[in-house]
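For reference, the structure discussed in these notes is given below.
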Amino acid sequence: MSSSTPSEQQDQPKAASASKAPFRYGATLAESIELRWQEWWREQDVFRTPNPGDEDFDEDKPRYFCMGMFPYPSGAGLHIGHLTNYIPNDIIARYYRMKGRNVLHPMGWDAFGLPAEQYAIQTGVHPEETTRKAIDTFRKQLQRFGLSCDWSREFATIDPDYYRWTQWIWLQAYRSWYDHAEDRARPVQELVELLERGDYSVNADLEIIEAPAGDGLNSWNDLDHDQQRTAIEHRRLAYLSEQTVNWCPKLGTVLANEEVIDGRSERGGHPVHRRPLRQWMYRITSYADRLLKDLDLLDWPESTKRQQAEWIGRSEGAEIHFRLEDPFDESLAVYTTRPDTIFGATFMVIAPEHPLVDQLVASPPEGIDIEGIQAYVTASKDRSDLDRRSDSGTKTGVFTGVHVLHPLTGRKLQVWISDYVLMEYGHGAIMSVPGHDERDHAFALQFDLPIVEVVRPMAGSDAECHAGDGININSACELLELDGLHTAEAKARVIAWLEEHGVGRGKVNFKLRDWLFSRQRYWGEPFPVVFDQQGHHYGIGNESLPVELPPLADYEPVESNEPSPLLSKAVDWVETTAGDAGVAPNELDPDAPVRREVNTMPGWAGSCWYYLRYCDPRNEERFVSAQAESYWLGPREDGPGGVDLYIGGAEHAVLHLLYSRFWHKLMFDLGLVTSAEPFSKLFHQGILTSFAYQRPDTTLVPVDEVEEVGEDQWVESATGTPVQRVTAKMSKSLKNVVNPDDVVAEYGADTCRLYEMYLGPLEASKPWNPRDIIGVHRFLQRTWRLAVDEDTGSLQLADEMDETVEQALHRTILKVGEDIERLAFNTAIASLIEFTNTATSHGGLTREQLDRLARILSPFAPHIAEELWHRLGNETTVGHAPWPNHDADLIRDELIEMPVQIKGRIRSKVMVSADADEETLREAALADERISELLGDSEIRKVIVVPGRIINIIPG
RNA sequence: GCCGAAGUGGCGGAAUUGGCAGACGCGCCGGAUUCAAAAUCCGGUUCCCCUUGGGGAGUGUGGGUUCGAGUCCCACCUUCGGUACCA
């Protein structure tokens, strides 16, 4: 390794910048220092992280894997808000490296997605071209901040070497099923073996049953090939399904439930319609229980865990079958969480999409208002989700003319149709208990249906409709008696009765639904699957991966009423043979003509597993080697394993973080990873806001349409209307986005890093105020001046150590370390500033003190720290120097000042020995001149002494 | 509506376990230095009252627990997130 380090080449300051103090730390000097060390770090490969098995890997060091959610590189370039994610990560990485850990601190790019494709539609430029360009810009901008990432591990989700494995993981799901008995995913091959052996059988609907054949259950070996295929389809974890999807015409694609907010697309806010479509799904619901339960293992913000728990939405209740009256000889299944209120059920409500509605329309029983029903069903289909929601208070509905029989009382209950019942949840039908459910209550009032009170609240409640627990009343018949029972007991009693009489059972339900995983767009991973002429699908063999995206002549979405995937335009690519596509010959004749799947995967796919690839990004044999995976992500004593610290925005609380957990658990079940969870500790950084201007009607005016007319007074340029300065989330439309390049040009990257971390707590949303940046810049200037003569550029250090400075340094070392570990960078920086101020006013630092200061400063301001460190004669990076120790004895003061209170009010202070016992403290306080003066002759009732904290005297 | 988080000087914020409220920074005021300015250094800066030592009030509002509350409890107000008929 070269011993020549850049600091030996002295900086030649530009004359213009400083005639008097040519070596003052300012923008020019900062830039030259920063660029020089960034180049040196790159040349010397300083932050390359060896993997287990590599020659220079030290297996005795514990790991620390920290990463930020990778960015989507947009054409607009980096934004100051991105850095609230990557700077803290870098500080942590640099700190733990110095604390002797093997630190994995990688960076990559989330690069498939809509914006590049939209741009391609307008310009005809291939999305890959724009995306690659954006990545280069982002990389350059991020590197300008001196991130200590191992850039040799960088990749983008659009790299064929990466998405090859994204496709491979999808195939793992495609080739797996969920064994509920063992509560894990297993290869489909093992399911086939169980079926062939006769352990499992298949029912009339071709669903696989975990029981031998007989009693209406067929043996697998008696089924024909197509029937067997269909049965397996019912179990694959990645499966095709015709179901109602969220179609967004504007985006030209379907969206997952999670991507639809208030009936509009999460991205762009475009209207979304419900329509049936055959799509690839992920059976994430099989994991609902584990995704919920394992939240307990995670060191995540409580609010995020709660959001996931609510999204999963587990509820306990019962499924109840109500027999339909003639001419139907079947029953209506409902789900309820309140089986205890069964005596209060006075009517039924079904969703407009309920199959019973179709039956009624197909063969209407005599005397029912079939036209009214049809009109209502059609109307509710046309109503968008948004409309349905906006008037959720008022209920609409129509009577079917059909009745069911109450299983206990035998009474006839009317069956209504209403869109307040959702087909997607439970059975799309409910027993309505208007006495104890507010929605049912509103409906009953609307249509004048009977309301019966069956639960009396424990404490006096005067609510018209009591939805909580209580004691059952009016709940008895010859078959069952619930009166006087508490809700919990009544529930159990009803469920037992239902099960005993075969009209229902206890049931757990989830809000979580299967994950719609295909899109009709171009710029995403192709599915590694083909269809034969019968429409049967076949997975593509591993050796034929990746299935690369074909180029397209144009990216314009196909205008059509039917969603039409863009890839169908690539005819030559779509039409191929089984052999060319890579289907195993034992599955399909290699010459058989096949069509490739033309849907692509959604933007989430690549981000589901990128943390895994970081562990071993160039592996061509495996998505990650077992050795690398278990070292970087394996379980540890203090947690379930996974990434040690994952920092990212709270907006991903449900989507990305739930999907990723699901993929990880699937891979865990298949023995591909060793930890049960992907991210053991999660942290959300707050958003940055900046100044924006508000009209009197609270609408916001773009920053460049406002001028300042006086102190704290602004007007809208066009109209002269006074506007008020407020802080708002940075956004393009308000033109209040701060560009990091500008800040770097004015102060340097170290100042920018410091300022961003000094603003306030990492998790809080904070205002960016350019006025305040100068404070941390001055701090760096002062630190520089402690060590370097501003006129000559030579080192200037104290020969004699000052005791006060030495003690302050020990305290600062301790404080900064503690604060970094709890991600309190703002207070860590405050203590560094305090120390520099102390050193400045006490005659400066010795060589050895500067050495330690450079080390503890380096996580925050790595360039200036590296410069000082090398000026002291060190030749390796400060980033690999050990974190300095502090001497606990030195930190402790011998004499301390303690406040003395009388009746809780501070009246004096006494100097006492730090280790004085309670009695000594008490005497010292009472002996204090001012205290005895104030107390006079009054008797002393009590003296509270908290050593090191306070002495409080209570007179009688 | 429901769930959650947060309200502290002119501003960003600090106070880690109930123990000196306002660390640190910005801004502002004063001083040193300078022909002058910038930069730098030193001092002051929650509010009110006497101003000599001091006294009183004070962490969104109102109550409570405690020797002692920014911190714990109850009610309310405001702001910001999340969520949307899930039976």
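Here is how names work: the chains are called A, B, and so on, in the same order as the sequence lines, proteins then strands, and each is numbered from 1.
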Aromatic centroids of A:Tyr335 and A:His427 separated by under 6.0 Å: no
Side chain of [X]: nearest nucleotide among [options]?
| X | options | result |
| --- | --- | --- |
| A:Asp819 | B:rG19, B:rC26, B:rU16 | B:rU16 |
| A:Glu834 | B:rC41, B:rC26, B:rA23 | B:rA23 |
| A:Ala830 | B:rA14, B:rC24, B:rG27 | B:rC24 |
| A:Pro761 | B:rG55, B:rA39, B:rA14 | B:rA14 |

Expressed as a whole number of angstroms, how long is the span from A:Phe443:CZ to B:rC85:C1'? 12 Å
Here the distance between atom C1' of B:rG82 and atom CD1 of A:Ile687, to the nearest Å, is 13 Å
To check you understand the geometry: which heavy-atom pair defines the closest contact between A:Lys491 and A:Asp340, and what is its length? CG-OD1, 3.5 Å
Can you give the dot-bracket line for RNA chain B, using ( ) for pairs inside the strand, [ ] for pairs that cross earlier ones, | for pairs with another strand and . for unpaired bases, where Watson-Crick and G-U count if both distances are under 3.5 Å? (((((((..(((......[....)))((((((.......))))))((((....))))..(((((..]....))))))))))))....
What integer number of Å spans the P atoms of B:rG54 and B:rA37? 37 Å
Any side-chain donor-acceptor pair under 3.5 Å between A:Ser315 and A:Tyr425? yes
CD/A:Glu438: more than 12 non-hydrogen atoms of other groups inside 6.0 Å: no
Does CD belonging to A:Glu897 count more than 12 external heavy atoms closer than 6.0 Å? yes
Need one value for A:Asn837: base, sugar-phosphate or nothing, where a base atom within 4.0 Å counts as base even if backbone is also close, heavy atoms only. sugar-phosphate
Determine the contact category for A:Arg907: base if any of its heavy atoms lies under 4.0 Å from a base atom, sugar-phosphate if only primed atoms, P, OP1 or OP2 are that close, otherwise nothing. sugar-phosphate
Is a donor-acceptor contact shorter than 3.5 angstrom present between the side chain of A:Lys815 and the base of B:rU16? yes
Checking understanding here: a glycosidic angle within 90° of 0 is syn, the rest anti, so what is B:rG10? anti
Donor-acceptor pairs under 3.5 Å, side chain of residues 939-950 of chain A to any protein atom, not counting sequence neighbours: which ones?
none

